[in-house]
Asks: 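Here it is, the structure in full.
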Amino acid sequence: MLRLCFFICFVAYCARAGQECPKFTDLNFGNAVIGTDLKVKLLLYTRRNKDCAELLDEHNITTSTHFNVTKNIVVIIHGYRFTGSPPIWIDTIKNLLLEKQDFNIIIVDWNRGATTVNYFSAVSSAKNVVPSLTHLIDQMLENGVAANSIYMIGVSLGAHIAGFVGKKYNGKIGRITGLDPAGPLFARKLADERLDHTDAQFVDVIHSDTDGFGLKESLGNIDFYPNGGIDQPGCPKTILSGSSYFKCDHQRSVFLYMSSLQHNCDITAYPCESYKDYRNGKCVSCNFKSLPCPIVGYYADKWKDHLLEKNLPMTTAYFDTSDKDPFCMYHYSLDIITWNKSTRSGFINIKITDNSGNTIESRINSDAAVFQQYRQTKILAGFYLDFGNISAIALTFSTRSTVGPKYKLRVLKMRLKSLSHPERIQLCRYDLILVENVETTFTPIPCYEINMQDN
């Protein structure tokens, strides 16, 4: 009898072991044309089952083998799926998060409902996802989970779903990250009709396609606008590139977030009233209202306590990126004091060279700077590489005028300061003449006077 019981148990175990792991729903464009009815699957991953999901019962989490009420929880919610295929980033973001911490990661698969050519239908389905998540969270809270241990990451329509869920708990959820929240049908809506900064204890948002599928309005405690929120570097510029032309800018928010999980280069943003002001060097002190500059992505919540301390419920921050992963750009402030009697307006092109002879050029194009006698002019520079040691600097002054005389810019003092690494020695040059359209290269020296007065 004992042998028979052992045999039955062994067969049952083998049957379970041979079962396929639950997968994210994989549909196709044909399904989108026909349309799909909403069906929500909750896929749980932990470090114990990082490669094989467990289906959660939204009404009874106690049946779960892997869910642990003592661990922090990340809920990942995708958005509209025009083609029906699983999001290309879904496994990567899950794995990167698990490398950071042994979370309970719950992927909300509502691909049935999100897959349709009728966007209006997908929006309706998105709102109907909310009850499944509130059932789940109710179960968590009843079993001892703290509301502030719940972190929701929503992409596009998923960002608004996270907001709707957060409203159900009066903003007591720990954190919501909105990755390019969907714009169509949500623009200019009231706070209770879309993601809002009151939906969690901390809400951070990355806007990467504000002139397309994304939303321009500020929604979070802090809203990040990479490259001004439009036309991300490296994305196609014409429709000839196919589907990538439509989705690349929108998806960039996700890839920027993932970059923050896997690379050592923290992407710094600069709180500012507008992208124009940021580009023109007006917001690069990294001392905004006596606060450090925020970091984009996973570590953005480090700014939460600063916001509360300064009573700043909402802040906008801007930054530029490179055109490919890890998207880091290293920022410098170039401060110039001139002694020309007449005011000059123009542009400064900046190149830097390291000790090995490698040279890179600034990728930030600001508006024309105004140079006045004995007044400091601040110019923002950004480079795709980080040079720890700069051996030479090259400056070119230009009015970009094709007619009229060529001018000279008489520089009394120039200072180059790393914003990405403010602890580095600031580099200076004194008594320099820049002839228009002529590149002037020189060896900088450490600044012996580091306090240049602002305008």
Side-chain angles (χ1 to χ4, degrees), residues 35 38 40 75-82 87 108 110 113-134 137 150-226 228-231 246-247 249-254 256-257 273-275 300 307 312-318:
L38 178 65
V40 178
V75 181
I76 302 171
I77 314 168
H78 66 86
Y80 176 49
R81 306 301 303 161
F82 183 72
V108 181
W110 64 287
T115 296
T116 172
V117 294
N118 183 352
Y119 178 74
F120 294 87
S121 175
V123 171
S124 179
S125 292
K127 294 176 180 178
N128 291 327
V129 174
V130 176
S132 292
L133 295 181
T134 55
I137 293 175
I150 301 172
Y151 173 24
M152 291 189 287
I153 302 171
V155 179
S156 192
L157 277 180
H160 297 300
I161 293 174
F164 295 143
V165 173
K167 295 179 206 303
K168 297 290 185 180
Y169 298 94
N170 300 313
K172 294 180 180 179
I173 297 297
R175 179 182 175 187
I176 294 175
T177 294
L179 300 179
D180 210 36
L185 301 186
F186 291 94
R188 295 178 294 280
K189 292 292 186 180
L190 298 176
D192 62 350
E193 299 178 277
R194 41 94 174 145
L195 175 65
D196 185 71
H197 73 278
T198 61
D199 294 337
Q201 295 181 32
F202 180 71
V203 178
D204 58 301
V205 182
I206 301 177
H207 302 262
S208 59
D209 190 25
T210 61
D211 61 344
F213 296 134
L215 193 61
K216 185 176 182 179
E217 300 164 57
S218 297
L219 307 174
N221 297 115
I222 184 163
D223 288 73
F224 297 100
Y225 293 84
I230 58 174
D231 297 332
F246 296 99
K247 64 185 181 182
D249 289 341
H250 195 40
Q251 286 183 338
R252 181 59 60 85
S253 61
V254 181
L256 287 171
Y257 183 87
E273 292 297 323
S274 69
Y275 185 56
L307 289 170
L312 295 170
M314 299 182 73
T315 298
T316 57
Y318 298 86

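Note that the coordinates shown come from a computational prediction; the quantities given were computed from them, not determined experimentally.
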Asks: Within a strict 4.5 Å, meaning less than it, do heavy atoms of the Asp249 and Asp231 side chains meet?
Replies: yes
Asks: Applying ring-ring contact (aromatic ring centres under 6.0 Å, His included), name anything that partners Phe246, two or more places apart in sequence or on another chain.
Replies: none
Asks: If every non-hydrogen atom of Gly166 is compared with every non-hydrogen atom of Ile173, which pair is closest and at what distance?
Replies: CA-CG1, 4.3 Å
Asks: Any idea how Tyr318 and Tyr275 line up, ring-wise: parallel (<30°), tilted (30 to 60°), or perpendicular (>60°)?
Replies: tilted
Asks: With sequence neighbours excluded, what pairs up with Lys247 under the salt bridge (Lys or Arg N to Asp or Glu O under 4.0 Å) test?
Replies: none
Asks: To the nearest 0.5 Å, how far apart are NE2 in His207 and CG in Asp223?
Replies: 3.5 Å
Asks: Using the test side-chain hydrogen bond (donor to acceptor under 3.5 Å, both in side chains), find all partners of Thr198 that sit at least two apart in sequence or belong to another chain.
Replies: Asp196
Asks: Nearest heavy-atom pair of Thr316 and Ser218: which atoms, and what distance?
Replies: CG2-OG, 3.2 Å
Asks: Would the distance check show the side chain of Ser253 and the main-chain N or O of His250 forming a donor-acceptor pair, the cut-off being under 3.5 Å?
Replies: yes
Asks: Kindly say whether Gly229 contributes a backbone atom to a donor-acceptor pair with the side chain of Thr210 at under 3.5 angstrom?
Replies: yes
Asks: Heavy-atom distance under 4.5 Å between the side chains of Val75 and Val108, does that happen here?
Replies: yes
Asks: Supply the atom-to-atom distance Ile76 CD1 to Met152 CE, rounded to the nearest 0.5 angstrom.
Replies: 12.5 Å
Asks: When you look at Leu256 and Phe224, which way does the side chain to side chain contact (heavy atoms under 4.5 Å, CB included) test go after all the steps?
Replies: CA-CA 11 Å; Leu256 287 171; Phe224 297 100; over 6 Å; no
Asks: Looking at Tyr169 and Asp199, would you say the former's side chain and the latter's main chain have a donor-acceptor pair under 3.5 Å?
Replies: no
Asks: Does Glu273 have more than 12 heavy atoms from other residues, nucleotides or ligands lying within 6.0 Å of its CD?
Replies: no
Asks: Applying ring-ring contact (aromatic ring centres under 6.0 Å, His included), which residue pairs with at least one partner in residues 181-204 are found, sequence neighbours left out?
Replies: His160-Phe186
Asks: Could you grab the distance from atom OG1 of Thr315 to atom CG of Asp204, nearest 0.5 Å is fine?
Replies: 12.0 Å
Asks: Taking all heavy atoms of Gly178 and all of Ala159, pick out the closest pair and write down the distance.
Replies: CA-CB, 3.9 Å
Asks: State the CZ-NZ distance between Arg188 and Lys216, to the nearest 0.5 angstrom.
Replies: 11.0 Å
Asks: Shortest non-hydrogen contact from Leu195 to Pro181?
Replies: CD2-CG, 4.2 Å
Asks: Within a strict 4.5 Å, meaning less than it, do heavy atoms of the Tyr257 and Ile153 side chains meet?
Replies: yes
Asks: Do you know the tightest heavy-atom contact between Ala300 and Arg175?
Replies: CB-NH2, 3.8 Å
Asks: Looking only at heavy atoms, what is the nearest atom pair of Ile161 and Ala126, with distance?
Replies: CG1-O, 3.5 Å
Asks: Suppose we screen for side-chain hydrogen bond (donor to acceptor under 3.5 Å, both in side chains). Which residues come up paired with Ser208, at least two apart in sequence or across chains?
Replies: none
Asks: If the condition is side-chain hydrogen bond (donor to acceptor under 3.5 Å, both in side chains), which residues does His78 pass it with, not counting sequence neighbours?
Replies: none
Asks: Under the side chain to side chain contact (heavy atoms under 4.5 Å, CB included) rule, what do Trp110 and Leu157 come out as? Steps first, then yes or no, please.
Replies: CA-CA 11 Å; Trp110 64 287; Leu157 277 180; 4.0 Å; yes
Asks: For Lys127 and Phe164, indicate whether the former's side chain and the latter's backbone hold a donor-acceptor pair under 3.5 Å.
Replies: no
Asks: Is it true that a side-chain atom of Asp180 and a backbone atom of Asp209 form a donor plus acceptor pair closer than 3.5 Å?
Replies: yes
Asks: Once rounded to the nearest 0.5 Å, what's the spacing between atom CD of Gln251 and atom CG of Leu179?
Replies: 11.5 Å
Asks: Within a strict 4.5 Å, meaning less than it, do heavy atoms of the Val123 and Tyr80 side chains meet?
Replies: no
Asks: Within the distance-only criterion (no hydrogens, no angle test), does the side chain of Gln201 pair as donor or acceptor with the backbone N or O of Lys172 below 3.5 angstrom?
Replies: yes
Asks: Hey, could you give me the CG/CG distance between Leu38 and Asn128, rounded to the nearest 0.5 Å?
Replies: 6.0 Å
